[in-house]
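Start at 1 and go down the list; that is how both ligands and their atoms are numbered.
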Amino acid sequence: MSSVPKRWTGLPGPREVGRRDGIFNVEALRADFPILRRQVHGRPLVYLDNAATAQKPQAVIDTLSRYYEQENANIHRGVHYLSERATEEYEGARKAIQHFLNAADASEIIFVRGATEGINLVAQTYGRANVGPGDEVLVSAMEHHSNIVPWQMLCEEKDAKLRVIPINDSGELIWEEFEKLLGSRTKIVAVTHVSNALGTINPVRRIVEQAHRVKVPVLVDGAQSAPHLEVDVQALDCDFFVFSGHKVYGPTGIGILYGKAALLDAMPPYQGGGDMISSVTFEKTIYNKLPYKFEAGTPHIAGGIGLGCAIEYLNGVGIERIERHERELLEYATQAVEEIPGLRVIGTAAEKTGVLSFVMEGIHPHDIGTILDQQGIAIRTGHHCAQPVMQRFGIPATARASFAMYNTREEVDALVSGLRKVREVFA
Ligand SMILES: Cc1ncc(COP(=O)(O)O)c(C=O)c1O
C-alpha cells in the first residue's frame, strides 16, 4: 500500500506516536489520548468498548477546534481565503483516506455520516436500480443491523428476497452454504469484514472472487475492520466498502463509502440538493461528477478533516503494529477469561480481531456490565445490534470487551479481576 501523502496543509501533523525506535510503545501512545487519564467512579478508566466507538487522540481533538477557531467556512463555493483553505483541507482528507484504503482514485471516496449511511446509500441507489421482483440480496448471519435492515427495506419495496449465509458454532461463515446460495437471482452480496458481536474475520477476498465469477458485486461492511486490519480495496477487489470515522479514532457523524468508479458513475444519486449538481433548470438537472454527485448539501466539514487527521494518526502508528498488538491482547485475554468458572466465550473463529464476547452462567450480561462499571471498566452488554447472532447462539445478550491499540495487559488483568468479583457477588 502506498504511504499517505505528506500533510496537506500547514497544520502540524500528528507526532510520531506510539513508536519509539521502531518498537510499539503502548504507554507513549496512551499519552496521546487525554480521556484515558480520567477516572470513573474513583477508579482509573479501563475503556474496553472500542467496537462501539474509539477514543480520540489529542491530534484529532486539536484539529477539530483549530478548524472551527481558524478556518471555518463553507467548501467548494467561495473564492475567499477561508473557503479555499477549508476546501483544500477537506479534499486533502479525502486523499488521505484514498491512500488509507488504497483506492484507485480520490473520486471513489464518498463522505457519508457513517457505515450505516454508506450501506443505505448503496441499497437506495445501486439496489433500487438493479434489484427487482424475485431477485435476491445475500447477507450473512453475523451482520450488524445496519447491514440487514437497509436490504430488508429494499427487498420489501422491490418484492425481492433477503437470503442469509449461515454460520457455524464458532461464528464462521459456512462456505458451502454461501456457494449454494449464490445464484442467478443474486443481485448483490453484502457482508461484514469483521463481526462486531463475535470478532470473526471473514474471508472477504475469497467471497468477492466467488461472487465475481457469477458477476455479482460485493459490498464489504468495514466498520470493524478499518480500525484493526490493513484494508486494500483494490487487492480485495470489493465493489463497495464502508466504514465509520468514530471507530477509527476520528469524529462521530462522518464515515466513508468507497465504490468502484464505474459502478458509482452508473448509479443514480442518493439525495438531491446543493453541490451534487453541475446545472439546474426547472426542466432538467445535470448531476455533478464523482464524488460530489453523492454529497448533497453542506457536509460535515470539520468531521471530514478530523477523520483525515485520525487516518494520519493510524498511519503514524502503523496498522500492522496495531494488528499485532491487538492480536496478542486478544490471546492473552481469551486464555485468562477461560479460567473463570462458568464463563463461555461466544465467537471462537480461527481468524478474529480483538472482540471478546462472553456469557457467564446464571448471570445476566447487564449485571456483569454494571458491576464492572463500578470498577471503572467500560464494556458493552446486550445484543450489539446483531440480534440474529444472539438468536443463532440461543442467548439474549452477551458481555463484550473490545480492544483498541491503546489497551494494555494490565487492563485485561483488571477486567479479569473484575469478572472474578462478579462471580463472587453472584456466588
Ligand atoms: C459491523 C458494523 N457495521 C455497521 C455499524 C454501524 O456503524 P455506524 O453506527 O457508525 O454507522 C457498526 C457499528 O457498531 C458495526 O459494528
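Here the protein heavy atom with the shortest distance to atom 7 (O) of ligand 1 is Ser244 OG, 3.5 Å. Of all protein heavy atoms, the one lying nearest to atom 11 (O) of ligand 1 is Thr116 OG1, 2.6 Å. When only non-hydrogen protein atoms are considered, atom 15 (C) of ligand 1 lies nearest to His144 CD2, 3.3 Å. Scanning all protein heavy atoms for the shortest distance to atom 16 (O) of ligand 1 gives Gln224 NE2, 2.7 Å.
Distance alone, capped at 3.5 Å, places no donor-acceptor pair between the Asn168 side chain and the Ile174 backbone. Judged by distance alone, the side chain of Asp105 and the main-chain N or O of Glu108 form no donor-acceptor pair under 3.5 Å.
Below 30°, between 30° and 60°, or above 60°: for Tyr249 and Tyr313 the angle between ring planes is between 30° and 60°, a tilted geometry. Classified by interplanar angle (parallel below 30°, tilted 30° to 60°, perpendicular above 60°), the ring pair His76/Tyr292 is perpendicular.
Every atom of ligand 1 with a heavy atom of Asn196 under 4.0 Å away is listed here by number and element: 16 (O). For ligand 1, the atoms closer than 4.0 angstrom to any heavy atom of Ala223 are 2 (C), 3 (N), 4 (C), 5 (C), 12 (C), 15 (C).
At a 3.5 angstrom cut-off on N or O pairs, Thr192 does not count as close to ligand 1.
Looking at Thr63, Ile254, Val60 one by one, the single match for side chain to side chain contact (heavy atoms under 4.5 Å, CB included) with Leu307 turns out to be Ile254.
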Worksheet item: Checking ring pair (Phe, Tyr, Trp, His ring centres under 6.0 Å) for the pair Phe100/Tyr258: CA distance, chi angles, key distance, verdict?
Response: CA-CA 11 Å; Phe100 177 66; Tyr258 155 82; over 10 Å; no
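For the pair Lys247 and ligand 1, a heavy-atom separation below 4.0 Å is found.
In Asp221, the part holding a heavy atom less than 4.0 Å from any atom of ligand 1 is the side chain. Heavy atoms of His246 found under 4.0 angstrom from ligand 1 belong exclusively to the side chain.
Taking the ring centre of Trp151 as origin, the terminal cationic atom of Arg163 falls outside the region bounded by 6.0 Å and 45° from the ring axis.
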